[in-house]
Every structure is written in C-alpha cells, then in structure tokens.
Amino acid sequence: MTDYRRLRVALLGAGAVGSQVAGLLRKHGDELADRAGAALDLVGIAVRNPDAPRDVDLPRELFTTDSEQLIVGADIVIELMGGIEPARTDILLALNSGADVVTANKALLATHGPEIFDAADQVGASVYYEAAAAGAIPIIRPLRDSLAGDRVQRIMGIVNGTTNYILDRMDREGSNFADVLADAQALGYAEADPTADVEGYDAAQKAAILASLAFHTAVPLDAVHREGITQIDAQMMDAARHAGYVIKLLAVCERLTGPGVDSPTGEAISVRVYPALIPREHPLASVHGANNAVFVQAEAAGNLMFYGAGAGGVQTASAVLGDVVSAARRHIAGGVGVGESTRANLPVLPIGRVTTRYQITLEVTDTPGVLATVAGILSDGRVSIATIEQTVLRNANGEPGTARLVIGTHTALEQDLSETVDRLAASGVVGRVESVLRVEGD
C-alpha cells in the first residue's frame, strides 16, 4: 500500500449503522485510503456497553466507555449514537479539539444545527451529514455543492421508509393501517413505539435540514408544520385511487413569492410534512416499499429526483463513509472547512399562508338542496370547486340514507380552506367531514 499520511478516526456508537461503518472501515481500509489520499485508522469505538451483541464481529480492544479521551485524540469523529445528549456535547468537544465531524443525527441537527455549524466555523472545521436526511440517498452534497449556483424552488420528499411502506401496502393491497403497521414492526421497519415515524416527527426533522440547506436559511424545527398518517384508512385510499392519486407522506420545502409574502426580498419559505395526494403519473408515486425519494425543482437545472434506500445499517453506512472520505481529503488538502450558509435568512411562513389544492370528503344528508348549500359555503370561503362526485350511501335496510361527496378544489389558501371546512362541519347538512387531503405534484 502507498505510504499515506495516517488519520485517526474515532467512532461514537456501534448500533446497526455504527457497527457496519466500523466493519467496512476495517474491511476496505486500503481501498478507502486510495480514495481519500490518507490511511483511515479506526482508533476506537465509544459505547455504553462494550460487551453488548453487535451485527459485526469487531475486536474487543477497540471499544471504550471513555468518549472524551477518544475524541480529543482524533482527526475525524463519526457520531452515530443518535439523540440529543451526549451527542451534542461530544460533537462540540470534537470540533473544539480540531476534528472534523461526520454525523447521521437528524434530531440533533434539526434542533441544534446552527450552534454546531457555528462552532465548526469558529475553528475552521467541517460537519458532514449526508446520512442525516435520506439514508443512503445522496442529497446533501447535490444541494450544497452541485446546485450551489442554482436556485432551488421546491423540494418534495418521501423521507421516511416506515410510513412509505405502510401507505404503499395500504394502496396496493387494500390493507388497513393497524395490520400493516404490525407487519412493519415484525420486519424491523418500525420501532415498538412507532410515534416518531407515523406521526411525522422523523420526516419533519429531515425537512428542516433539507430546507435550511436548500434555501440558505436556518429553519427551526418548531417552524415545520407536521401531520402524521394515523388517520389514513382504506376508504381514503379507495377515494384517492378512484381519482387517480396515491397517498404519500411528503416533506415539502418551498420558496414562495408574490402577494402575501412580507419580507425585504419579497421571498419566504414554507416547510411542511403531511399525507398528500400525488398524481399516479408523478415520479414519487412509483416509490414503493420502504424506499425514499427526494424530488427537487431548481430554476436552471429543472426537475431532479434522487431515489434509493432511506434506511438500513449497511446502506446508511455507505453515506457515512462517503463523508469520512470527504473529511479525509479536506485534512490532506488543508485550509478552512466549508461552512453552512444561512445568510438568506428568509422568513418561514405558517401553514395558514400556504396555497395548494385539496380533496375534501364529506358525509351529507341525502336531501334536495344539499349540494347548493355546500357549494355556497365553499364559495363564501373563497374555495373554488374543480370536481365533485356524489355517492349515495345505503342504510341497514338498503335504503338511501346519506351521501358521500368527494370535492376537488382549485388552489386555495390554507387558512381559508380550514375556516371553510369548520363552517361545513357546523352547517347542519354535513354529518361528518371524513377527510381533507392536500394535492401536491400536479
């Protein structure tokens, strides 16, 4: 092997991803050195329990419980513990010790990203986080580097494999939510407590990271509108299929301009996560199973889509090791690390000021004049009807009882739509608002 400069690599955490990273560093060390221009010496792995069973057979002498001592002697620190603490403290220690940091910690970056990037800037270090947004899918580098000379207008992403697996099974098989969730847990796609996935918390963290990078603006996690998928049922899936749509949990990051945008530049952004209807011909509609995809619309480059595994130990390890090679190359080249730009400082608008199309499903009384009443309430609320379909529902005796209205709207302001739905629910002719779904991607 070429006599390369040797870099000391410290690993924090040896779970599903960390153990794979350690194994691949040891297995492909010569090849990685050729790519990086430096030998990557794994000098230690900090864990809570060195004797815990792991997916990869690793030498016992690599393990330590003293993360501080390991960090201060390293050139590159890989943080794969997850959570906020002690990850935040350890990363700040690594940066202040002069090390570059590689992390897949989406929760930490979504909540403490500005603090971490500022600490890196202060010492001229770099933070690499390709694996934090979409697992194995390369999306951070394209946004930060390849599209640095362009203006990203919109990102729509399926960034949570668990929810995509559940919704895909419900769409293709007609299965119900609870049954598919149980299967996802049995297969290891969902945790015993699936809240972070099915309620959209995981996707919201990733949306904050993607929006911050794409729009050069610090996006706090509490500015991301979040809804989960627990209310999606087979009936909603049927209605979507009948109308030519599929339901996906989307992270939508969008640059907004025009009337209603109150900022010095005339621009603002919206960052939101919710289940939405996508036309079946849209590329995101064909993302099946636990896969992820990110669809980017840029001013000059046009439409771009990045697709692949959004999770998995060895798959995510691929993205982590790509960052390690990048960090090693920076060490060899020297100079100050590349920081994250948030100088655009665009305001993040609340969901009420966003415009999109909607599909509203109502159960109504089956009596004359109901359609006129519903149409009048929508019109008064500045919500224009694009399509409407009525189905008569039979009672236990097989006689007409109520009817279901599926209403597609033209583009409307979210605040107007929300207030109008409240008026429909209180109108006396609407027995139940069965669902309200946004329409994206058409």
Side-chain angles (χ1 to χ4, degrees), residues 1-14 17-18 20-46 58-59 62 64 67-80 87 90-105 109 113 116-133 136-149 213 314 316-341:
M1 189 180 88
T2 304
D3 187 18
Y4 289 119
R5 173 183 168 185
R6 309 196 76 82
L7 296 177
R8 295 168 60 84
V9 179
L11 175 61
L12 311 180
V17 179
Q20 291 291 343
V21 167
L24 291 171
L25 270 172
R26 290 169 52 80
K27 180 179 180 181
H28 300 304
D30 290 350
E31 189 174 348
L32 290 170
D34 289 339
R35 297 174 189 171
L40 301 170
D41 293 339
L42 180 61
V43 295
I45 307 171
L58 298 168
L62 277 177
T64 179
S67 61
E68 182 175 342
Q69 183 177 358
L70 184 63
I71 289 167
V72 296
D75 299 300
I76 300 170
V77 174
I78 308 170
E79 184 277 306
L80 297 172
D90 285 346
I91 285 177
L92 291 175
L93 174 62
L95 293 171
N96 290 325
S97 300
D100 281 349
V101 168
V102 175
T103 180
N105 195 329
L109 292 178
I116 289 168
F117 294 130
D118 182 63
D121 287 344
Q122 293 297 320
V123 298
S126 283
V127 179
Y128 301 85
Y129 53 101
E130 185 64 74
I137 301 172
I139 185 61
I140 299 300
R141 284 188 193 86
L143 288 174
R144 184 176 58 198
D145 301 329
S146 305
L147 295 172
L213 189 58
V314 69
T316 305
S318 168
V320 171
L321 288 173
D323 279 346
V324 172
V325 169
S326 295
R329 288 172 176 168
R330 192 194 79 75
H331 271 271
I332 298 304
V336 177
V338 177
E340 298 300 323
S341 169

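It should be emphasised that the depicted structure is a prediction, and the values quoted were computed from it without experimental measurement. Reckoned from all heavy atoms, side chains included, excluding hydrogens, waters and symmetry mates.
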(request) Write down the atom of Ala99, the atom of Ala74, and the distance for their closest heavy-atom approach. (result) CB-O, 3.6 Å
(message) Is there a side-chain contact between Val17 and Gln20 in this structure, where contact means two heavy atoms from C-beta onward sitting under 4.5 Å apart?
(response) no
(message) Before you tell me yes or no, could you show the steps for Glu130 and Ile139 under side-chain contact (heavy atoms from CB on, under 4.5 Å), namely the whole-Å CA-CA distance, both residues' side-chain angles and the distance that decides it to 0.1 Å?
(response) CA-CA 7 Å; Glu130 185 64 74; Ile139 185 61; 3.9 Å; yes
(request) Indicate the atoms forming the closest heavy-atom contact of Leu92 with Ala119, along with that distance. (result) CD2-CB, 3.7 Å
(request) May I ask you to say whether Asp75 pairs ionically with Arg330, meaning some side-chain N is under 4.0 Å from a carboxylate O? (result) no
(message) Can you confirm whether Val77 sits close enough to Leu93 that some side-chain heavy atom of one is under 4.5 Å from a side-chain heavy atom of the other?
(response) no
(message) Do Leu40 and Arg6 make a side-chain contact, defined as non-hydrogen atoms from C-beta onward lying under 4.5 Å apart?
(response) no
(request) Any chance you could measure Leu70, atom CG, to Thr64, atom OG1, to the nearest 0.5 Å? (result) 6.5 Å
(request) Measure the spacing between CG of Leu7 and CG of Leu42 and express it to the nearest 0.5 Å. (result) 12.5 Å
(message) Would you say that Leu213 contacts Tyr129 through its side chain, given a criterion of any heavy-atom pair below 4.5 Å between the two side chains?
(response) yes
(request) Heavy atoms only: give me the nearest Ile45-Ala14 pair and the separation to one decimal. (result) CG2-CB, 3.9 Å
(request) Please tell me if the side chains of Val324 and Val21 come closer than 4.5 Å, counting only heavy atoms from C-beta onward. (result) no
(message) Could you measure the distance from the OG atom of Ser146 to the CD1 atom of Ile140? Nearest 0.5 Å is fine.
(response) 12.0 Å
(message) Can you give me the closest heavy-atom contact between Ala327 and Asp100, atom names plus distance?
(response) O-OD2, 3.9 Å
(request) Would you sort out whether Leu25 and Ile78 count as a side-chain contact (heavy atoms from CB on, under 4.5 Å), showing the intermediate values? (result) CA-CA 12 Å; Leu25 270 172; Ile78 308 170; 4.3 Å; yes
(message) How long is the straight-line distance from NE2 of His331 back to CZ of Arg8, given to the nearest 0.5 Å?
(response) 12.5 Å
(request) Could you tell me whether the side chain of Ser318 and the main chain of Val314 form a donor-acceptor pair under 3.5 Å? (result) no
(message) I want to check something: taking the side chain as every heavy atom from C-beta on, are Arg26 and Leu58 in contact at a cut-off of under 4.5 Å?
(response) yes
(message) Just so I know, are the side chains of Asp90 and Glu79 near enough to count as touching, which here means a heavy-atom distance under 4.5 Å?
(response) no
(request) Indicate the atoms forming the closest heavy-atom contact of Ala319 with Ala131, along with that distance. (result) CB-CB, 3.9 Å
(request) To the nearest 0.5 Å, tell me how far Ile76 CD1 sits from Leu11 CG. (result) 12.0 Å
(request) Please assess Asp323 against Arg141 for the test side-chain contact (heavy atoms from CB on, under 4.5 Å), listing each intermediate value before the final yes or no. (result) CA-CA 10 Å; Asp323 279 346; Arg141 284 188 193 86; 2.6 Å; yes
(message) For Ala317 versus Leu24, what's the shortest heavy-atom pair and its separation?
(response) CB-CD1, 4.0 Å
(request) Could you tell me the separation between the CG atom of Leu80 and the CG atom of Leu12, rounded to the nearest 0.5 Å? (result) 8.0 Å
